[in-house]
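The figures that follow rest on heavy atoms only: side chains count, while hydrogens, waters and symmetry mates do not.
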Amino acid sequence: MAAADTVTALEVHDVRFPTSEQLDGSDAMNPDPDYSAAYVVLHTDGGPRGHGLCFTIGRGNDVMAAAIRSLAPYLVGRPVPTAAAGLAALHHDLTHDSQLRWLGPEKGVMQMAAGAVINAAWDLAAARAGLPVWEFLAALTPEELVSLVDFRYLSDALTPDEALAILRAAVPGRAERTARLKAEGYPAYTTSPGWLGYDDDKLVRLAKEAVADGFGQIKLKVGADLDDDTRRMRLARDAVGPGIRIAVDANQRWDVAEAVRWMTALAPYAPHWIEEPTSPDDVLGHAAVRTGQPVKVATGEHVANRVVFKQLLQARAVDFVQIDAARVAGVNENLAILLLAAKYGVPVCPHAGGVGLCELVQHLAMFDYVAVSGSREDRVIEYVDHLHDHFSDPVVVERGRYRAPTAPGFSARMKPASVAAHRFPDGPVWRARRPPHHRHGEQEAPV
């Protein structure tokens, strides 16, 4: 074979950042997150590498890295996928291994592991084409895009013919929307002021700074204590004024009745949406929350697969679909979800933040605008101002808007120095945090 035609190795790094020390990322269900990534590098025989990742918040990275490594036999020795046919075949093979699929099926750790590898393959294919992933995707024909989607379990809500019609209808405006996106960017909102561990002064200061920086929407974490949430919501509303949207996020904290009670109490402060009010698997619970109180409902960052998204839309349980670049099985499954949302006319407002999630999901939202929904109306991408300096092609947000990425690939490549410093448990960042007897070579007792 010619150089760069074969995947020669799949490398996985356990990369963790001690964000729990400053309570960055803290919420009602995750009080001590250490933002982490199971970071994937696909090596080829002479050409560019492919980069992907799966976001976790600490100890789960051990499990995620092991799951990704178990997929190496599907990649090593495989021709580098460069077009829709190869990327569709890879997605099928990684999600249809019967013995690994048994662990889901099509959900949880194995689905996320498949997504990390699939996203790395998209990074590699787009890099070889010399395009950012959003533009690489938007250059595919409607027929090629439909071929990427697994329609099993979807055809009662979305058929291939319906998907094809949605994509064909968007073709005439692709070039104009691409030019507009490059000139204007894509609207963002920021969660940076709203972590639950922040004190009131920090909340108010960061909320005011967000408005000054051009954001038209911020988000607060809620769900630990109703009196505290009411006070924080009042402080945030006073800080930003009536013209700025304030979304709130419970991170799955409540039962249905509690969600209805809590949001009814917060409704006077005009929350734009309540995110993840209850279990991400509870379709009927989300529908009950949506009808039981006046605030719109958003969910999706922990939704396991395209089937649950289908049901949320069929049940009219959500007002905003929140895709996540690293939760489902990569670009292919997110394409299915974007098409479902377009069929049901529900705006997509992606989840981001974490390690690399902003870098990844911006491509999916921008592709959706150019080639699927054709709309930016009532749509925003989440932004958190943490950890971007560890990426070679970090997101750029100016005046509350994501600038369209121009570098080839998926913006997923981490700086080698950052990977080396934060590799767990032996990178210098973590060695410095070990108890002294561990640093001098004493081993932990076996568990």
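- Contact check on Asp5 versus Arg128 returns a salt bridge, with a Lys/Arg side-chain nitrogen under 4.0 Å from an Asp/Glu carboxylate oxygen.
- Under the 3.5 Å distance criterion, the side-chain polar atoms of Arg433 are matched with a main-chain donor or acceptor of Val429.
- Using modelled atom types, one finds a donor on one side chain and an acceptor on the other under 3.5 Å when comparing Tyr74 with Asp97.
- With ring centers used as reference points, His422 lies under 6.0 Å from His390.
- Considering only residues two or more places apart in sequence or on other chains, Asp123 meets the salt bridge (Lys or Arg N to Asp or Glu O under 4.0 Å) condition with none of them.
- Using a distance-only test at 3.5 Å, with no hydrogens or angles considered, a donor-acceptor pair links the side chain of Thr95 to the main chain of His91.
- Using modelled atom types, no side-chain atom of Arg379 and backbone atom of Pro350 make a donor-acceptor pair closer than 3.5 Å.
- No side-chain donor from either of Glu275 and Asn251 sits under 3.5 Å from a side-chain acceptor of the other.
- A salt bridge is absent between Arg413 and Glu359: the closest approach of a Lys/Arg side-chain nitrogen to an acidic carboxylate oxygen does not fall below 4.0 angstrom.
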**OP:** Given side chain to side chain contact (heavy atoms under 4.5 Å, CB included), test Asp249 with Glu301 step by step and report yes or no.
**Re:** CA-CA 11 Å; Asp249 184 357; Glu301 71 179 87; 4.1 Å; yes

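- When each of Leu100, Leu75, Asn332 is checked for a side chain to side chain contact (heavy atoms under 4.5 Å, CB included) with Leu94, only Leu75 meets the rule.
- Other residues, nucleotides and ligands place no more than 12 heavy atoms under 6.0 Å from the CZ atom of Arg59.
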**OP:** List the steps, then state whether side chain to side chain contact (heavy atoms under 4.5 Å, CB included) holds for Phe367 with Phe136.
**Re:** CA-CA 9 Å; Phe367 157 70; Phe136 180 68; over 6 Å; no

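- No side-chain donor-acceptor contact under 3.5 Å links Ser279 and Gln252.
- The side-chain hydrogen bond (donor to acceptor under 3.5 Å, both in side chains) search around Trp262 returns Asp229, not counting sequence neighbours.
- The closest side-chain donor-acceptor pair between Tyr189 and Lys219 falls under 3.5 angstrom.
- Formation of a donor-acceptor pair under 3.5 Å by the Thr6 side chain with backbone atoms of Asp45 is not found in this model.
- When ring centroids are compared, Trp273 and Phe320 come within the 6.0 Å threshold.
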**OP:** Please report the C-alpha distance between Val40 and Glu11 in whole Å, then the side-chain angles of each, then the deciding distance to 0.1 Å, and finally whether the side chain to side chain contact (heavy atoms under 4.5 Å, CB included) criterion is met.
**Re:** CA-CA 6 Å; Val40 181; Glu11 187 178 2; over 6 Å; no

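- Screening Thr56, Asp426, Asn61 against Asp14 for a side chain to side chain contact (heavy atoms under 4.5 Å, CB included) leaves a single residue, Asn61.
- Distance alone, capped at 3.5 Å, is enough to place a donor-acceptor pair between the Trp430 side chain and the Arg16 backbone.
- Taking both residues in full, the closest heavy atoms of Ala121 and Leu90 are given as CB-CD2, 3.4 Å, listed atom of the first, atom of the second, then distance.
- Every residue was checked against the side-chain hydrogen bond (donor to acceptor under 3.5 Å, both in side chains) condition with Tyr344, not counting sequence neighbours, and none meets it.
- A donor-acceptor contact closer than 3.5 angstrom links the side chains of His363 and Ser411.
- For the residue pair Ala287 and Ala315, the shortest heavy atom distance occurs at CB-O, 4.1 Å.
- Within the structure, salt bridge (Lys or Arg N to Asp or Glu O under 4.0 Å) pairs that include any residue of residues 73-86 comprise Arg78-Asp93 (at least two apart or interchain).
- Looking at Tyr402 and Pro187, their side chains never come closer than 4.5 Å, going by heavy atoms from C-beta outward.
- Applying the salt bridge (Lys or Arg N to Asp or Glu O under 4.0 Å) test to residues at least two apart or on different chains, the pairs with a partner in residues 331-347 are Glu162-Lys343, Arg306-Glu333.
- Under the side chain to side chain contact (heavy atoms under 4.5 Å, CB included) criterion, Pro105 pairs with Arg101, Lys107, not counting sequence neighbours.
- The main-chain N or O of Gly108 is never found under 3.5 Å from a side-chain atom of Gln111 such that the two would form a donor-acceptor pair.
- With Arg177 contributing its side chain and Tyr369 its backbone, the two residues share a donor-acceptor pair below 3.5 Å.
- With Ser36 contributing its side chain and Asp34 its backbone, the two residues share a donor-acceptor pair below 3.5 Å.
- Listed for the Asn119 side chain is a donor-acceptor partner under 3.5 Å among the backbone atoms of Val331.
- Shown here is Arg290, whose CZ atom has more than 12 heavy atoms of other residues, nucleotides or ligands within 6.0 Å.
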Subject >> Glu106 vs Tyr153, side chain to side chain contact (heavy atoms under 4.5 Å, CB included): CA-CA, chis, key distance, verdict >> reply: CA-CA 12 Å; Glu106 294 184 65; Tyr153 313 133; 3.7 Å; yes

